[in-house]
Amino acid sequence: MDMRTRITTALKQAMKDKDTERLSTLRLINAAIKDRDIAKRAEVNEEATGCGDADVLEILGKMSKQRKESARAYEEGGRLDLAERELREVEVIEEFLPKQLDDDEVAAAIQAAISATGAGSIRDMGKVMGALKSRYAGRMDFGKVGPLVKDHLCSASNGG
C-alpha cells in the first residue's frame with residue numbers, strides 16, 4: 001500500500017472514530033502533499049503524476065522536524081500545553097515514517113554509499129549524499145548525516 005493510501009485510510013478511520021486531534025494532523029499531512037502536487041505540476045507544465053512515496057516521506061520528515069523544533073521552543077517559553085500538542089502531532093506523523101536507522105546502521109550506510117559511488121574526496125560529497133537520500137529517504141536525518149559523510153571523506157582523502 002502506498003503512502004497516500006495509508007494516510008487516506010488513517011484519515012477515514014479518524015473520522016469514524018471522531019478523533020479530532022488525529023484527524024487534524026492527518027488533514028495537515030494531506031494538505032502538504034497536495035501543495036507539493038500543485039508545485040510539481042507548475043514545475044513540469046504538463047500532466048504530472050504528483051508526488052510519490054519518496055516525496056511524501058520527505059514531507060513527513062520535514063513536518064516532524066518542524067514540530068519537534070516548535071515543541072522545544074514552546075517548552076523554553078513555558079508553554080507546556082502547546083509543546084504537548086506538537087509532540088502528539090509528531091507521534092501521528094511518525095506512524096507513517098519508516099523506522100529510523102541507529103548510529104551503527106547510519107555509519108554502515110555511509111561506508112556503503114562511499115564504496116558504491118567510488119568517492120575519494122570531499123568533492124564527491126554530493127554523490128554520496130545523493131546515494132544516501134535515494135536509498136534511505138525518511139530513515140535518517142540528513143542534517144546530521146552530512147557532517148558525518150564529510151568527516152569520512154576528509155579522513156579518506158588524508159590517507160585515513
Side-chain angles (χ1 to χ4, degrees), residues 1-11 14 19 21-22 24-33 35-36 39-40 50-160:
M1 183 171 6
D2 72 333
M3 295 297 294
R4 282 176 192 259
T5 309
R6 287 180 53 207
I7 292 167
T8 304
T9 304
L11 186 113
D19 186 346
E21 198 169 275
R22 182 175 171 80
S24 171
T25 303
L26 291 167
R27 283 181 172 154
L28 287 172
I29 293 170
N30 258 351
I33 292 170
D35 285 346
R36 178 70 63 92
K40 276 197 160 214
C51 53
D53 281 357
D55 293 316
V56 173
L57 287 173
E58 181 184 334
I59 291 166
L60 293 173
K62 284 181 182 177
M63 290 178 78
S64 175
K65 186 176 178 181
Q66 288 169 342
R67 277 154 185 78
K68 286 177 183 174
E69 289 170 0
S70 295
R72 200 171 308 118
Y74 285 138
E75 284 174 2
E76 290 170 4
R79 296 297 308 267
L80 297 180
D81 55 329
L82 294 174
E84 287 173 15
R85 193 175 101 213
E86 293 289 324
L87 292 174
R88 285 192 301 269
E89 284 187 10
V90 168
E91 287 175 16
V92 173
I93 293 166
E94 288 185 345
E95 286 176 30
F96 300 99
L97 288 172
K99 181 183 125 344
Q100 295 291 301
L101 298 177
D102 64 31
D103 292 342
D104 293 336
E105 291 170 323
V106 168
I110 290 171
Q111 279 304 121
I114 289 172
S115 298
T117 57
S121 71
I122 194 68
R123 286 180 286 217
D124 299 321
M125 185 166 172
K127 280 192 229 172
V128 175
M129 290 300 288
L132 289 170
K133 285 182 180 179
S134 68
R135 183 133 191 247
Y136 299 102
R139 296 182 62 199
M140 58 174 66
D141 180 354
F142 292 102
K144 294 178 183 172
V145 170
L148 295 174
V149 170
K150 189 174 183 179
D151 292 344
H152 276 74
L153 292 173
C154 285
S155 64
S157 64
N158 293 333

Taking the side chain as every heavy atom from C-beta outward, state whether Tyr136 and Leu57 have any atom pair closer than 4.5 Å. no
Value rounded to 0.5 Å, distance of CD1 in Ile33 from CG in Asp55: 9.5 Å
Considering residues, nucleotides and ligands other than Asp103, do more than 12 of their heavy atoms fall under 6.0 Å from its CG? no
To the nearest 0.5 Å, what is the distance between CD (Glu84) and OH (Tyr74)? 13.0 Å
Give a yes or no answer on whether the side chain of Ser115 reaches the backbone of Gln111 with a donor-acceptor pair at less than 3.5 Å. yes
Salt bridge flag under 4.0 Å for residues Arg4 and Asp53: no
Quick check for you: to the nearest 0.5 Å, what is the distance between Leu26 atom CG and Ile7 atom CD1? 7.5 Å
Are Ile93 and Val90 side-chain neighbours, meaning at least one heavy-atom pair lies under 4.5 Å? no
Check salt bridge (charged side-chain N to carboxylate O under 4.0 Å, His left out) between Asp104 and all other residues, then give those that pass, not counting sequence neighbours. none
Between Glu58 and Lys62 (salt bridge meaning N to carboxylate O under 4.0 Å), is one present in this structure? yes
How many angstroms lie between atom CD of Glu86 and atom CD of Gln66, to the nearest 0.5 angstrom? 9.5 Å
Pair listing, salt bridge (charged side-chain N to carboxylate O under 4.0 Å, His left out) test, anchored in residues 105-122, at least two apart: Lys99-Glu105
Please step through salt bridge (charged side-chain N to carboxylate O under 4.0 Å, His left out) for the pair Glu91 and Arg22, ending with a clear verdict. CA-CA 10 Å; Glu91 287 175 16; Arg22 182 175 171 80; over 6 Å; no
Find out whether Val128 and Leu132 are in side-chain contact, i.e. whether some heavy atom of one side chain is under 4.5 Å from a heavy atom of the other. yes
Nearest 0.5 angstrom please: Met125 CE to Cys154 SG, how far? 8.5 Å
Is a donor on one side and an acceptor on the other found under 3.5 Å between the side chain of Arg67 and the backbone of Met63? yes
Should the heavy atoms of other residues, nucleotides or ligands under 6.0 Å from CZ of Arg36 be counted, would the total exceed 12? yes
For Asp124 and Leu153, which heavy atoms make the closest approach, and how far apart are they? C-CD1, 4.2 Å
For Ala131, does its backbone N or O pair with a side-chain atom of Ser134 as donor and acceptor, under 3.5 Å? yes
Nearest heavy-atom neighbours spanning Ala109 and Met140: CB-CE, 3.9 Å
Please determine whether a side-chain nitrogen of the Lys or Arg among Lys68 and Glu89 lies less than 4.0 Å from a carboxylate oxygen of the Asp or Glu. no
Nearest 0.5 angstrom please: Ile59 CD1 to Ile29 CD1, how far? 10.0 Å
Side-chain contact test, heavy atoms from C-beta onward, threshold under 4.5 Å: evaluate it for Glu75 versus Leu87 and give yes or no. yes
